[in-house]
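Take a look at the structure set out below.
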Amino acid sequence: MMISGKTKVYGILANPVEHSLSPAMHNFWSKQTNKDMVYVPLKVEPGQVKEAVKGAWAMNLGGMNVTVPYKQQVMEHLSQIDEDALAIGAVNTLVPAETGYKGYNTDAKGLLRAIKEKNIEIQGKRWVLLGAGGAAKAAGYILMKEGAKQLFILNRSVEKGEALAKELKQIFGKGEVKAMALSQWRELPEDRYSCIQSTSVGMFPDKDHSPIEDSEFFKRIDKAIDIIYTPAETKFMRLVKEAGGAAYNGLDMLIYQGVIAYELWHPDIKLTMEQVKGAKALLTSMLEGKL
Ligand code: NAP
């Protein structure tokens with residue numbers, strides 16, 4: 001599509017930003033849905049987040065994504081924050097409102113869509129969450145919101161896991177959340193669990209590691225999503241499959257957080273499954289170095 005005086009500008013605010021797949025994904029959908037827009041990488045230096053958000057508003061940017069390391073910092077420069085994003089404490093999508101941008105967290109809802117698409121049940125089920133960082137917070141929030149019966153948060157530093165468990169208990173009141181160290185996995189009550197792997201362990205180039213490596217642990221895992229998507233199959237996923245479970249990577253979560261952002265920017269659009277799959281094929285080729 002030709003860029004003209006009418007073209008609307010969107011972008012991703014991050015640092016570093018060079019590795020981001022979002023420009024390819026959103027520009028693919030803009031062509032598919034005939035939107036006169038362009039989506040660009042926006043590298044912002046530390047200490048410049050306020051100027052970046054105010055400047056984007058002043059220049060009429062149609063919307064933005066925000067990623068590491070600015071998902072929390074950006075929040076104080078917004079005119080409104082969606083209820084889920086406020087509870088999670090992180091914003092990854094900015095949508096123009098009356099007097100400034102409104103912040104949303106589409107990571108949590110993107111993960112939820114990926115879980116539902118794989119027919120993994122949340123309500124009334126016992127879940128294990130590996131990790132207690134930013135991504136874990138979004139994952140723990142959505143699992144509890146959707147009615148998980150029990151959530152065991154296993155993290156390297158147990159204090160961070162406990163802090164997340166406390167926060168989730170405060171938000172939801174009902175449902176049981178327990179924190180323990182990764183090394184304490186033997187204390188999990190005997191059962192088969194669904195699991196979200198949200199630590200950065202196993203992400204390229206650290207591909208020969210998993211946060212837990214003991215095959216006994218994996219006998220307890222029935223279905224798992226590793227939110228890492230490089231490599232396409234992590235060691236964690238391999239260990240789940242070797243023990244007879246089903247495992248998926250985080251590419252669908254990434255794509256669905258993008259779908260939800262795109263639809264927030266364009267309320268008249270509902271991306272079709274074909275368009276979603278097209279983006280997945282494009283990103284897969286990019287990740288495999290074919291493009
Ligand atoms: P973060 O806030 O820095 O948290 C990192 C987590 O990994 C913490 O729980 C940390 O434990 C744990 N960890 C790091 N090194 C470890 C080690 N050597 N052994 C055991 N645990 C270790 O990062 P984040 O933002 O949550 O991101 C985590 C991962 O999710 C990244 O790989 C990121 O790319 C991925 N992600 C994917 C998507 C998607 O759309 N698919 C979205 C967001 C993030 P401690 O607390 O003990 O340090």
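As the structure is a prediction and not an experimental result, all values here were calculated from the model. Start at 1 and go down the list; that is how both ligands and their atoms are numbered.
In this pair, Tyr141 and Phe172 present their aromatic rings tilted. The plane angle is within the 30 to 60° band. Using bins of under 30°, 30° to 60° and over 60° for the plane-to-plane angle, the ring pair Trp29/His26 lands in the perpendicular bin.
Arg186 has no carboxylate O lying under 4.0 Å from a charged side-chain N of Glu216, or vice versa, which leaves the two without a salt bridge. With salt bridges taken as basic N to acidic carboxylate O contacts below 4.0 Å, one links Asp84 and Lys109. A salt bridge links Arg126 and Asp191; the closest N-O separation between the charged side-chain nitrogens and carboxylate oxygens is under 4.0 Å. A salt bridge between Lys160 and Glu162 is absent, with no side-chain N of the basic residue lying under 4.0 Å from a carboxylate O of the acidic one. A salt bridge is absent between Glu121 and Lys223; no separation between the charged side-chain nitrogens and carboxylate oxygens falls under 4.0 Å. Under the 4.0 Å criterion applied to side-chain N and carboxylate O atoms, Lys219 and Asp214 are not assigned as salt-bridge partners. Taking the charged nitrogens against the carboxylate oxygens, Lys235 and Glu213 do have a contact shorter than 4.0 Å, which makes a salt bridge.
Between Ser157 and ligand 1, a contact under 3.5 Å exists for at least one N or O pair. Taking distance alone, with nitrogen or oxygen atoms compared against 3.5 Å, Ile228 stays at or beyond that limit from ligand 1. The N/O atoms of Arg156, backbone and side chain alike, include one that comes under 3.5 Å of an N/O atom in ligand 1. Below 3.5 Å of separation, one finds an N or O of Ser200 facing an N or O of ligand 1. Not one N or O of Leu251 is nearer than 3.5 Å to an N or O of ligand 1, by distance alone. In terms of polar-atom proximity, defined here as any N/O pair under 3.5 Å, Ile227 does make such a contact with ligand 1.
If you number the atoms of ligand 1 from 1 as listed, the ones under 4.0 Å from a heavy atom of Gly131 come out as 9 (O). Within ligand 1, counting atoms from 1 as listed, the ones closer than 4.0 Å to a heavy atom of Gly250 are 41 (N). Distances below 4.0 Å separate heavy atoms of Tyr229 from the following atoms of ligand 1: 41 (N).
Ala139 and Leu111 get closest at one heavy-atom pair: CB-CD2, 3.6 Å.
For Tyr10 and Trp265, the ring centers sit closer than 6.0 Å to each other. Centroid-to-centroid, the aromatic rings of Tyr101 and Trp57 come within less than 6.0 Å.
Between atom 1 (P) of ligand 1 and the options Ala139, Gly133, Gly258, the minimum heavy-atom separation is to Gly133. When the heavy atoms of His209, Met203, Glu159 are ranked by distance to atom 34 (O) of ligand 1, first place goes to Met203. Of the options Val68, Thr199, Thr106, the smallest heavy-atom separation from atom 6 (C) of ligand 1 is shown by Thr199. Heavy-atom proximity to atom 9 (O) of ligand 1, evaluated over Ile196, Asn155, Val158, is greatest for Asn155.
Using a 4.0 Å threshold on non-hydrogen atoms, atom 23 (O) of ligand 1 does not count as touching the protein. Taking a distance limit of 4.0 Å, we find that atom 3 (O) of ligand 1 is approached by no protein heavy atom.
Ligand 1 has Met253 within reach: a non-hydrogen atom of the residue lies less than 4.0 Å from it.
Given atom 28 (C) of ligand 1, the protein heavy atom at minimum distance is Ser198 O, 3.3 Å. With respect to atom 25 (O) of ligand 1, the closest heavy atom belonging to the protein is Ala135 N, 3.9 Å. Summary of contacts: the protein heavy atom closest to atom 19 (N) of ligand 1 is Val201 CG2, 3.5 Å.
Contacts between Ala132 and ligand 1, counted as non-hydrogen atom pairs separated by less than 4.0 Å, involve the backbone only. Residue contacts with ligand 1, taken as heavy atom pairs separated by less than 4.0 Å, involve Leu182 solely via side-chain atoms from C-beta onward. With a heavy-atom cut-off of 4.0 Å, Ala138 does not touch ligand 1 at all.
Of the N and O atoms on the side chains of Glu233 and Asn249, not one donor lies less than 3.5 Å from an acceptor on the other residue.
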